Number of protein chains: 2
Amino acid sequence: MGGEQAPVAGDGTIGKACDVLEQVAAFARPVRFAELLESSDFPKATLYRFLQTLTNQGMLSYDPDRQTYTPGLRLVRLAHAAWTQNSLAPIARPFLDALSRETGETVHLAQLDSSQVLYVDKRNAAQPVEMYSQAGKVGPAYCTGVGKAMLAYLEEAALARAVSQQSYHRFTQKTLTSEAALRADLDLIRSRGYAIDDEEHEPGIICIACPILTSGGRMLGAISVTGSTERMDFKQLETWVPRVRHVAEQIGAEAQAWRFPETRPNANTNRMQAT
Amino acid sequence: MGGEQAPVAGDGTIGKACDVLEQVAAFARPVRFAELLESSDFPKATLYRFLQTLTNQGMLSYDPDRQTYTPGLRLVRLAHAAWTQNSLAPIARPFLDALSRETGETVHLAQLDSSQVLYVDKRNAAQPVEMYSQAGKVGPAYCTGVGKAMLAYLEEAALARAVSQQSYHRFTQKTLTSEAALRADLDLIRSRGYAIDDEEHEPGIICIACPILTSGGRMLGAISVTGSTERMDFKQLETWVPRVRHVAEQIGAEAQAWRFPETRPNANTNRMQAT
DNA sequence: AACACAGTTTCATTATTTGGAACACGATGG
DNA sequence: CCATCGTGTTCCAAATAATGAAACTGTGTT
């Protein structure tokens, strides 16, 4: 019986290719072959061939002048499909708009991706548009409102895995830095029905977050409203809880409705006067 | 009846995996195994294993209830890296903001991805936010302003390939529907320095577009300003050409500067008060 | 000219992928 | 109740593709 804990990698050639992809993405800048070779445990020729193939496929992009690799634009195309079909964002969009308008605060929509928080949409308080740059961004689960809201409603098996994979890095004085502390807070969240982030990730930043659940209790994601301690305290922030919870419920309900129909309800979601 | 699209076919196992990924993305909805099997020329067991592995890797996501596959959220994460590092969007952002403010019209930033137009950013005239949904979206090159602007400045080898890969579907009365017509227009664009789309893609929609070039003449992308015939004509629209061209030049210059430094100029590009 | 270095290619060996066929299993339906 | 069908899943010998040490190329340096 295989009890092997494969770190992440594993599945044959494809797994390795994905690792390489991830590795290139991890450098947040164009990378040279030698750099990759160093941080990789693939032999030279093997890594080389992977890079060739991936570049060939448009999953990576190669700059011949600089001799550097970056993640390829094909990923952007594919991600668009992922975002449209597989994230809550399209469903949640009108709700986020409303919530953002009503509260005037920053609003986040997040989902869980391998024990990390993946932000799939956002409305910003100040800036009018900030777009894409935040969709796709990741963050820690154990010290953010949306992260804890999601963890709290994970079934035990998944929770145990997720909780053990957190880094518990101390971002601020108030960061929860142990599995025990986190679990205690998750219990509290469950009984209260929403999560709070009390400057656990960034000083001065507080937030409330509600999980998005199906009627069957499956956790789909979370939404949050964020404020800064300069302008407000939890008293004020928590007045939004009923509203946020309601929105989360609406999104959950719609998500469920949208997922079921085999016959896609419609298509024209986003018509774009392109040119 | 068949009539399958000939997959670019290719590189070993990884190429096949990419094909599967693309195939899943192509259905713009959750897909069942049987559907994929039908539209694929992989044998059952092979396709099955690919789906397993890709799901495993988070490149696909599987809904056990519905037994359907969709592109996975991991793609969104990776695409974020691609968008940040490999697209012109981060560099162009402030310029697009300015251009959008000044003109009050829809502004697009696009790059070329396998002979297609890939929109990497956009500012909308009317709607305040529309976000992500357009980044990652693709469109035809032969009948859009940005598409033609980019084609015009491709070197002959790449141009020949690109031009032969267009579908030449007639979207409107004015769509250019042959390679010859397109090439003629490209000559015109080159001599004029900018492209126009005269309702070639959508009735009532016109636009002007300028290529983004390096000082060496390498084509990086294009930007456009779009209007509708209801509100304006080319006389008005073309008054923006010098401004658009200037912005394109600025973006080109910055892109060039940004690509060179080996020492990463900086990191904290986009800090996100996340929670 | 010799050297160092980053990137590229070769090729016999080895491990992986392949896919036809058989297997589960729920849903019909006779 | 058993037969049948349509899914999706697993097996395993044969075929294929991945592997990586070492040799090579080309560019820049001493």
Side-chain angles (χ1 to χ4, degrees), chain A residues 1-2 4 6-24 27 29-57 59-70 72 259-263, chain B residues 2 4 7-24 27 29-57 59-70 72 216 259-264:
Chain A
M1 324 350 171
E4 301 286 336
V8 172
D11 330 77
T13 309
I14 294 175
K16 292 172 201 167
C18 289
D19 282 350
V20 172
L21 214 60
E22 201 82 51
Q23 205 188 129
V24 173
F27 287 74
R29 63 185 170 81
V31 216
R32 283 230 283 296
F33 177 77
E35 302 181 88
L36 286 167
L37 182 57
E38 196 177 0
S39 73
S40 156
D41 27 33
F42 293 113
K44 218 191 205 181
T46 303
L47 179 62
Y48 179 73
R49 252 176 293 104
F50 270 123
L51 292 172
Q52 289 256 106
T53 308
L54 288 170
T55 301
N56 222 315
Q57 290 292 326
M59 304 300 276
L60 291 178
S61 148
Y62 179 68
D63 180 340
D65 300 331
R66 318 262 84 242
Q67 293 188 143
T68 55
Y69 296 89
T70 43
R259 281 246 155 82
F260 287 137
E262 218 62 292
T263 54
Chain B
E4 307 303 326
V8 182
D11 337 71
T13 309
I14 295 175
K16 293 173 199 166
C18 289
D19 282 350
V20 172
L21 214 61
E22 201 81 52
Q23 205 186 128
V24 172
F27 285 75
R29 62 184 168 85
V31 216
R32 283 239 283 294
F33 177 78
E35 302 180 87
L36 286 167
L37 182 57
E38 197 177 1
S39 72
S40 156
D41 26 33
F42 292 113
K44 218 190 203 180
T46 303
L47 179 63
Y48 178 72
R49 250 176 296 104
F50 271 123
L51 292 172
Q52 290 256 105
T53 308
L54 288 170
T55 301
N56 224 313
Q57 291 291 327
M59 304 300 276
L60 290 178
S61 148
Y62 179 68
D63 180 340
D65 300 331
R66 319 260 84 242
Q67 292 189 144
T68 55
Y69 296 89
T70 43
R259 281 247 155 82
F260 286 136
E262 217 61 292
T263 55
R264 61 199 290 207

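In what follows, chains are A, B, ... by sequence order, proteins preceding strands, each numbered from 1. Values in this document were obtained by computation on a predicted structure and should not be read as measured data.
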Separation of atom CG in B/Asn56 from atom C1' in D/dT9, rounded to whole Å
15 Å

Determine whether B/Phe42 and B/Leu36 make a side-chain contact, defined as any pair of heavy atoms from C-beta on separated by less than 4.5 Å.
no

If you round to the nearest 0.5 Å, how far is CG of B/Leu60 from CD of B/Gln52?
11.0 Å

Spacing between B/Leu36 atom CG and D/dT9 atom P, to the nearest angstrom:
12 Å

Please state how far atom CZ in A/Arg32 lies from atom C1' in C/dG7, giving the value in whole angstrom units.
11 Å

Consider side-chain hydrogen bond (donor to acceptor under 3.5 Å, both in side chains). Of B/Asn56, B/Thr55, B/Thr53, which one does A/Asp11 pass it with?
B/Asn56

D/dC24 P sits how many Å from A/Tyr48 OH, rounded?
17 Å

Please report the distance, rounded to the nearest Å, between CG in A/Asp63 and C1' in C/dG7.
15 Å

Is there any protein nitrogen or oxygen under 3.5 Å from a nitrogen or oxygen in nucleotides 16-22 of chain C, and what are the pairs?
| from | atom 1 | to | atom 2 | distance (Å) |
| --- | --- | --- | --- | --- |
| C/dT17 | OP1 | A/Thr13 | N | 2.9 |
| C/dT17 | OP1 | A/Thr13 | OG1 | 3.3 |
| C/dT18 | OP1 | B/Lys16 | NZ | 3.1 |
| C/dG19 | OP2 | B/Thr46 | OG1 | 3.1 |
| C/dG19 | N7 | B/Arg49 | NH2 | 2.7 |
| C/dG19 | O6 | B/Arg49 | NH2 | 3.4 |

Hey, could you give me the CG/CD distance between B/Leu21 and A/Gln57, rounded to the nearest 0.5 Å?
10.5 Å

Here the distance between atom C1' of D/dG8 and atom CD of B/Glu35, to the nearest Å, is 14 Å

Rounded to whole Å, CG of A/Leu47 lies from C1' of C/dT9 at a distance of 15 Å

Would you please classify the geometry between the A/Tyr48 ring and the A/Phe33 ring as parallel, tilted or perpendicular, with 30° and 60° separating the classes?
perpendicular

In Å, rounded to the nearest 0.5 Å, how long is the span from CD of B/Gln23 to CD of B/Glu35?
10.5 Å

Would you mind reading off the distance between A/Leu37 atom CG and C/dG7 atom C1', rounded to a whole angstrom?
10 Å

